[in-house]
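Read through the structure below, which is laid out as structure tokens, and then see the notes.
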Number of protein chains: 2
Amino acid sequence: MQVLYVDLVVDPYAPEPLYVQVAASLRAKIESGELAHLAPLPSEKAIEQEYEVSRDTARRAIGQLRDEGLVFTIPQRGTYVGPRP
Amino acid sequence: MQVLYVDLVVDPYAPEPLYVQVAASLRAKIESGELAHLAPLPSEKAIEQEYEVSRDTARRAIGQLRDEGLVFTIPQRGTYVGPRP
DNA sequence: GCGAATTTGTACGTATGTATC
DNA sequence: AGATACATACGTACAAATTCG
């Protein structure tokens, strides 16, 4: 039986690392405005469940966006859209 | 019986995270010249054994020095002292 | 050139701590 | 008090590229 993954945002068989794919998906939501300025990003656990990845992968994705200056994290609070205030 | 850890560079009971302590130790070796410009840092595995920490902790320590611009990493090669060339 | 060893990268799991809500 | 959320720290496994004998 053939299995397709067309409904998945991330593809474990793609050459790009999973965390890069998750980051790209989140980045798209930021750039489209779906995640507005100062809006909270999905939590690590929410990303785990939404994308069906490990927490490690969720954290890497957020870390990449943080490195890009797109989001900032407040420890024990969450991660928000925008440059570090 | 009282146990002291005076011989350990890192102290699991200290308030600072282990990876910060490992990074501080490596930073001191760089600043003292023990690790000269372009010299290779100990590999992740070597750091694991030297400091008796997990690879996760070793990687975090190296990552911190990289964030500080003190070292740069060449994938599948190693990490070297100096700014990214 | 080949194969083994080395080294970093990615990905998963689990546990604990701490701060916030 | 309990749930939520991020930070740290341990472990394992496999992949990919480089280095070395």
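Every chain is numbered from 1 and lettered A, B, ... according to where its sequence line falls, protein lines coming before strand lines.
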Checking [X] side chain against [Y] main chain: does a donor-acceptor pair fall under 3.5 Å?
{"X": "A:Thr57", "Y": "A:Val53", "answer": "no"}
{"X": "B:Glu48", "Y": "B:Ala58", "answer": "no"}
{"X": "B:Thr73", "Y": "B:Pro75", "answer": "no"}

Is any N or O donor-acceptor pair between the side chain of B:Gln76 and the base of C:dT8 shorter than 3.5 Å?
->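 Check passes, donor-acceptor contact within cut-off.
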Carboxylate-amine/guanidinium contact B:Arg59 B:Glu44, below 4.0 Å |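 Looking at B:Glu44 together with B:Arg59, the answer is yes, because their closest N to O distance falls below 4.0 Å.
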Salt bridge B:Lys29-B:Glu50, side-chain N to carboxylate O under 4.0 Å |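 Yes, charged N to carboxylate O under 4.0 Å.
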Between atom [atom1] in [X] and atom [atom2] in [N], what is the gap in whole Å?
{"X": "B:Arg59", "N": "C:dT8", "atom1": "CZ", "atom2": "P", "value": "8 Å"}
{"X": "A:Glu52", "N": "C:dA11", "atom1": "CD", "atom2": "P", "value": "15 Å"}
{"X": "B:Leu18", "N": "C:dG17", "atom1": "CG", "atom2": "P", "value": "14 Å"}
{"X": "B:Ile62", "N": "C:dG9", "atom1": "CD1", "atom2": "P", "value": "8 Å"}
{"X": "A:Gln64", "N": "C:dT10", "atom1": "CD", "atom2": "P", "value": "9 Å"}
{"X": "B:Arg66", "N": "C:dG9", "atom1": "CZ", "atom2": "C1'", "value": "10 Å"}
{"X": "B:Asp56", "N": "C:dG9", "atom1": "CG", "atom2": "C1'", "value": "13 Å"}
{"X": "A:Ile47", "N": "D:dT4", "atom1": "CD1", "atom2": "C1'", "value": "15 Å"}

Looking at C:dG17, C:dG9, D:dA9, which one has an atom nearest to any side-chain atom of B:Tyr19?
->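 The listed nucleotide nearest to B:Tyr19's side chain is D:dA9.
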Among D:dT19, C:dC12, C:dG17, which nucleotide sits nearest the side chain of B:Arg77?
->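 Ranking D:dT19, C:dC12, C:dG17 by closest atom to the B:Arg77 side chain puts D:dT19 first.
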Please check the phosphate of C:dC12 (OP1 and OP2 only) for any side-chain N or O of A:Thr57 closer than 4.0 Å.
->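 Yes.
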Could you tell me whether the phosphate oxygens of D:dA5, OP1 or OP2, come under 4.0 Å of any side-chain nitrogen or oxygen in A:Ser43?
->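 Affirmative; the distance criterion is met.
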So which one's nearest nucleotide on DNA chain D is more toward 5', B:Arg55 or B:Arg60?
->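 Its nearest nucleotide lies further toward 5', so the answer is B:Arg60.
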Base, sugar-phosphate alone, or nothing: which one does B:Ser54 contact when heavy atoms must sit under 4.0 Å apart?
->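 Result for B:Ser54 = base.
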Whichever of B:Pro42 and A:Glu48 has its nearest DNA chain C nucleotide further upstream toward 5' =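 The residue closer to the strand's 5' end, by nearest nucleotide, is B:Pro42.
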